[in-house]
Amino acid sequence: MFPRFRRHGSATGALRGFYEVPRPEGKTPLEELRLLAVDIETTGLDPARDRVLSIGWVPIDGGEIDLSGAGYELVNTAGAESVGESATIHGLTDEELAEGTSPEAALDSVLRALTGRAMLAHYASIEKEFLGALCRKHCGSGLSVPVVDTFEIERRHMERMGTFPRGEDLRLPRVRERYALPEYRSHNALTDALACAELYLAQWARSRVRTLKDMQPL
């Protein structure tokens with residue numbers, strides 16, 4: 001049911017171990033699907049120029065969130081420029097980040113948590129691109145992982161209902177509000193990962209989908 005990755009020839013470290021473990025297939029029933037909700041806070045939106053500041057993750061096993069497996073890393077990039085004005089968004093200061101772990105160690109932690117799972121995120125291209133950039137830099141290869149995106153799930157639902165999203169309609173807090181989920185403070189990686197995990201379960205409960213492939217972008 002769970003084939004192994006074949007594209008890990010140049011991967012090293014935790015990424016090589018990640019590729020050695022079977023991943024969920026598209027036909028995996030949602031009741032059996034193991035996901036890891038991931039959120040990343042960065043200094044900007046360009047992985048070639050901006051840096052990862054924090055990573056949060058929360059596992060989901062079938063229909064249950066496993067908070068015992070949740071994790072959070074502050075990332076200390078020694079010698080990097082100040083976080084500057086991006087601190088007004090994520091609230092992280094240079095002093096806090098100086099106490100964080102190295103990018104390699106943070107990546108190792110999230111890859112170990114992600115092993116054997118699909119990745120869940122809200123607007124997942126951010127997480128996938130920044131994690132991929134870290135993997136190429138520190139592990140010698142890019143990241144290939146099945147992805148479920150709560151942003152895309154909601155966008156497709158709204159379009160099917162004839163309510164085309166505009167402006168803030170697809171931001172995580174606004175979508176959670178429509179599902180009557182509690183309000184959380186945004187831009188903390190761990191809190192946002194939990195918020196995404198809860199939203200996924202609410203979206204699944206509303207839908208008639210049955211498999212991982214049904215949840216993925218077309």
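All values derive from a computational prediction rather than experimental measurement. Along the sequence shown, residues carry numbers from 1.
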Is there a side-chain contact between P146 and Q216 (heavy atoms, below 4.5 Å)?
-> yes
Check V75 against S102 and note the closest heavy-atom contact, atom names and distance.
-> CG1-C, 4.4 Å
If you look at every heavy atom in D192 and L172, which pair is closest and at what distance?
-> O-CD2, 3.9 Å
Using 4.0 Å as the upper bound for N to carboxylate O, is an ion pair formed by E198 and R176?
-> yes
Do M161 and V175 share a hydrophobic cluster (ILVMFWY, side-chain heavy atoms under 4.5 Å, transitive)?
-> no
What residues form a side chain to side chain contact (heavy atoms under 4.5 Å, CB included) with P173, not counting sequence neighbours?
-> R171, S186
May I ask you to test the H138-P103 pair for a side-chain heavy-atom distance under 4.5 Å?
-> yes
Should E177 and E183 count as side-chain neighbours, where that means a heavy-atom distance under 4.5 Å?
-> no
Are the side chains of L67 and I65 in touch, meaning some heavy atoms are under 4.5 Å apart?
-> yes
For V58 and L36, what are the C-alpha separation, side-chain angles and deciding distance, and is it a side chain to side chain contact (heavy atoms under 4.5 Å, CB included)?
-> CA-CA 6 Å; V58 176; L36 191 74; 5.9 Å; no
For S109 against W57, the heavy-atom pair lying closest together | CB-CH2, 3.8 Å
Can you tell me how far CG of L212 sits from CZ of R23, rounded to the nearest 0.5 angstrom?
-> 9.5 Å
Side-chain heavy atoms of C135 within contact of L107, under 4.5 Å = yes
Electrostatic pair D214-K27, nearest N-O below 4.0 angstrom = no
To the nearest 0.5 angstrom, please state how far the CG atom of L30 sits from the NZ atom of K213.
-> 13.5 Å
Test applied, side chain to side chain contact (heavy atoms under 4.5 Å, CB included); reference residue, M158; option that passes from R160, R156, E154 = E154
Worked check of side chain to side chain contact (heavy atoms under 4.5 Å, CB included) between L201 and L199 | CA-CA 5 Å; L201 294 181; L199 175 58; over 6 Å; no
Side chain of D61, backbone of E64: donor and acceptor closer than 3.5 Å?
-> no
State, yes or no, whether a side-chain contact exists between I55 and F130 at a heavy-atom distance under 4.5 Å.
-> no
Looking at side-chain heavy atoms only, is the closest gap between C139 and L134 below 4.5 Å?
-> no
Flag for T101-E73: side-chain donor and acceptor within less than 3.5 Å | no
Evaluate the criterion side chain to side chain contact (heavy atoms under 4.5 Å, CB included) for residue pair L131 and I40; output intermediate values, then yes/no.
-> CA-CA 9 Å; L131 285 178; I40 294 178; 3.6 Å; yes
Write out all pairs satisfying ring-ring contact (aromatic ring centres under 6.0 Å, His included) with one or both partners inside residues 183-209, taking only residues at least two apart or from two chains.
-> none
Heavy-atom pair of closest approach, residues D149 and A124 | OD2-N, 2.9 Å
Side chain to side chain contact (heavy atoms under 4.5 Å, CB included) evaluation trace for V38 with L120 = CA-CA 6 Å; V38 179; L120 173 71; over 6 Å; no
Interatomic distance, OG1@T115 vs CD@E20, rounded to 0.5 Å, equals 10.5 Å
Could you tell me whether E31 and R210 make a salt bridge, using a distance below 4.0 angstrom between a side-chain N and a carboxylate O?
-> no
For S141 and S10, which heavy atoms make the closest approach, and how far apart are they?
-> CB-OG, 3.6 Å
Taking atom CG of L114 and atom CG of L143, what is their separation to the nearest 0.5 Å?
-> 6.5 Å
Can you name the nearest heavy-atom pair linking Y179 to A202, along with the distance?
-> CD2-CB, 3.6 Å
When rounded to the nearest 0.5 angstrom, what distance separates CG in L53 from CG in N76?
-> 10.5 Å
Any Lys/Arg nitrogen of R155 or E152 sitting under 4.0 Å from an Asp/Glu carboxylate oxygen of the other?
-> yes
Taken to the nearest 0.5 Å, the spacing of R117 CZ from R34 CZ works out to 4.0 Å
Under a 4.5 Å cut-off applied to non-hydrogen side-chain atoms, are L74 and E99 in contact?
-> no
Just do the salt bridge (charged side-chain N to carboxylate O under 4.0 Å, His left out) check on D46 and R51 with the steps written out, would you?
-> CA-CA 8 Å; D46 183 356; R51 62 187 174 110; over 6 Å; no
Qualifying ring-ring contact (aromatic ring centres under 6.0 Å, His included) pairs with a residue from residues 140-171, counting only residues at least two apart or across chains | H122-F151, Y123-F151
